[in-house]
2 protein chains.
Amino acid sequence: MPLDSKILCLGALDAGFNTGYDIRKAFEEGPFQLYQSLSYGSIYPALNALLAEGLATCTEQAQDGRPDKKVYAITDAGRVALRQALVRRFAFDRLRSDFMFAIAFAHLMSPDQVSTLLDEYAQGYRDLAHTLAKETGTPPPGRQFLLDMGREGCLSWARCIEEHRSALEEALRTGPGPDDNAIKAPAEEEPATPSRLTEAAAATTAAGSP
Amino acid sequence: MPLDSKILCLGALDAGFNTGYDIRKAFEEGPFQLYQSLSYGSIYPALNALLAEGLATCTEQAQDGRPDKKVYAITDAGRVALRQALVRRFAFDRLRSDFMFAIAFAHLMSPDQVSTLLDEYAQGYRDLAHTLAKETGTPPPGRQFLLDMGREGCLSWARCIEEHRSALEEALRTGPGPDDNAIKAPAEEEPATPSRLTEAAAATTAAGSP
DNA sequence: GTAGACATGTAATTCGTTACATGATTCT
DNA sequence: AGAATCATGTAACGAATTACATGTCTAC
């Protein structure tokens, strides 16, 4: 039972993001980007649900050039619900990292590919730290904590990569044939036919592109 | 297009986890726990798909007391498919942290609740680091990198919490009425009736429990 | 005796994302 | 002219978790 989209929206409203469009930005580029994600397809239905349950109010605002806006606000009932959700026991953090999983199989890649991957990965975290550093204003202590942890966490993760990559890259250079084991002796059970092989490779490539 | 369950299983097979049961442990308690998750409901169908596509082989093994085992092995075609998947451009890491999101709303909690939450959170990461430190053997350099990063990353995140919590806890003590804003002046638009209020609170509570 | 480890699998449900639909305005 | 920003919403789709179903053996 993780925090669901309704609670996430309620939190965003409490933090001062008051339209569907703004809420998405809060999770995409704003203070919550590191810790949760939420897209339009979840936000707008959630907002309507909150409205129906009396946890939020809405005032429509016509604008000069721009399309009409629906400005939402959290109600007292909404704050009660949010507080209630914050008392529950949380599922522990889950980092979904395709990068790290991939690096586990460095022995299947060329050393160059590994190095490029590590460059890109570390840079991604440094960029994230910079983005978070740009957040302005004087938020309440909790959100300040969020930003501080985000900045430092990203930087120290990037530093950690740089500290450990040399050992990895060294091991790949000196270790057993790093990349040449492309086709080892075929397994004796079920002799994978050439047709099967290409079929499988083609399927994988096709699945990746669209 | 994140790495899907088939690729994840392929990776686990390459890493030497060769039954559905073992693969789950690799993602639950083993070297991958920090970076990906996968449960039985995904693993067994994925394994059968890999078998059908010739990316893995399977030998059934009857056992003394225990139930029968299906021992899988990655094929050359499987290794090609895995390598192919590792070349793609990855979606950037996404940390799902209900803890951190909750702490953003520290101003809605009692200082005690915040402190308890932070204790629990930091301890969770220290425990994780210890679990990872217990991993034995001499894995290939990529998996060693995974373990090293995991241990240090968890520890430095825990340290980061301890370093920043004092500022947060201080701000909550000295700041504006920390917890007493339970019910502020009702919003003038849409005067939330008492019936609506309790209704909403009840609905939220009910939604959380089952 | 009862809880937990070992072991595999399926089906329903719950989610959320992606893509689509619409449309004016401003910046390049 | 074309791309990007602002702005809201829906429907189809995909993917994973949860719960269910089954059964033995060992350790407390």
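Residue numbering restarts at 1 for every chain, and letters A, B, ... go by the order of the sequence lines.
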S.K.: Could you tell me the separation between the OH atom of B/Y40 and the C1' atom of D/dA16, rounded to a whole number of Å?
M.R.: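 In whole Å, D/dA16 C1' lies 16 Å from B/Y40 OH.
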S.K.: What is the separation between atom CD on B/E28 and atom P on C/dA7, rounded to the nearest whole Å?
M.R.: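 Answer to the nearest Å: 16 Å.
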S.K.: How are the rings of A/Y21 and A/Y40 set relative to one another: parallel (under 30°), tilted (30 to 60°) or perpendicular (over 60°)?
M.R.: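 If you compare the ring of A/Y21 with that of A/Y40, the planes turn out parallel.
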S.K.: So which one's nearest nucleotide on DNA chain C is more toward 5', B/V71 or B/R96?
M.R.: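 The residue closer to the strand's 5' end, by nearest nucleotide, is B/V71.
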S.K.: Determine, using ring centers only, whether B/F101 and A/Y35 are less than 6.0 Å apart.
M.R.: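 A/Y35 vs B/F101: aromatic centres not under 6.0 Å.
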S.K.: Between C/dG16 and A/S37, is there an OP1 or OP2 to side-chain N/O distance shorter than 4.0 Å?
M.R.: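 For C/dG16, OP1/OP2 do not have a side-chain N/O of A/S37 under 4.0 Å.
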S.K.: Atom CG of B/N48 and atom C1' of C/dT8: how far apart are they, to the nearest Å?
M.R.: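 Atom CG in B/N48 sits about 10 Å away from atom C1' in C/dT8.
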S.K.: Measuring only between side-chain heavy atoms, which start at C-beta, is B/Y121 closer than 4.5 Å to A/F90?
M.R.: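 Not in contact.
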S.K.: Do the ring planes of B/F105 and A/F32 sit parallel (below 30°), tilted (30 to 60°) or perpendicular (above 60°)?
M.R.: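 The rings of B/F105 and A/F32 sit tilted, inter-plane angle from 30° to 60°.
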S.K.: What is the nucleic acid contact for B/F27, judged by heavy atoms within less than 4.0 Å: base, sugar-phosphate only, or nothing?
M.R.: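 No contact.
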S.K.: Would you mind reading off the distance between B/L3 atom CG and D/dA15 atom P, rounded to a whole angstrom?
M.R.: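 That distance rounds to 13 Å.
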S.K.: Could you tell me whether a side-chain N or O of B/T75 sits under 3.5 Å from a main-chain N or O of B/L55, the two making a donor and an acceptor?
M.R.: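 A pair under 3.5 Å: yes.
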S.K.: Check the phosphate of C/dC6 against B/K25, side-chain N and O only, distance under 4.0 Å to OP1 or OP2. Yes or no?
M.R.: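 For B/K25, the contact criterion (side-chain N or O under 4.0 Å from OP1 or OP2 of C/dC6) is met.
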S.K.: A/Q63 has an atom CD; how far is it from atom P of C/dA24, in whole Å?
M.R.: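 About 15 Å, once rounded to whole Å.
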S.K.: Remember a base hit wins even if backbone is also touched, and classify A/G41 as base, sugar-phosphate or nothing at under 4.0 Å, heavy atoms.
M.R.: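 Since a base atom lies under 4.0 Å of A/G41, the category is base.
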S.K.: Look at the side chain of B/D4 and decide which nucleotide, out of C/dA7, D/dA16, D/dT8, has an atom nearest to it.
M.R.: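 Comparing C/dA7, D/dA16, D/dT8 against the side chain of B/D4, the answer is D/dA16.
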S.K.: Should B/S42 be listed as having a side-chain N or O under 4.0 Å from OP1 or OP2 of D/dA15?
M.R.: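 For D/dA15, neither OP1 nor OP2 has a side-chain N or O of B/S42 closer than 4.0 Å.
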S.K.: What's the CG-P distance between B/N18 and C/dC6, to the nearest Å?
M.R.: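 Checked: the CG to P distance equals 14 Å.
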S.K.: Within this structure, what is the CD-to-P distance between B/E29 and C/dC6, rounded to whole angstrom?
M.R.: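 Atom-to-atom, B/E29 to C/dC6, this comes out as 8 Å.
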S.K.: Quick one: is A/S39 getting a side-chain N or O under 4.0 Å of the C/dG16 phosphate, OP1 or OP2?
M.R.: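 So the side-chain polar atoms of A/S39 never come under 4.0 Å of the phosphate oxygens OP1 or OP2 of C/dG16.
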S.K.: Starting at atom CD1 of B/I23, determine the distance to atom P of C/dC6, rounded to an integer number of angstrom.
M.R.: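 After rounding, the reported distance stands at 15 Å.
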S.K.: With nearest nucleotide decided by heavy atoms, which residue, A/L8 or A/R66, maps closer to the 5′ end of DNA chain C?
M.R.: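 Per heavy-atom nearest nucleotide, the more 5' residue is A/L8.
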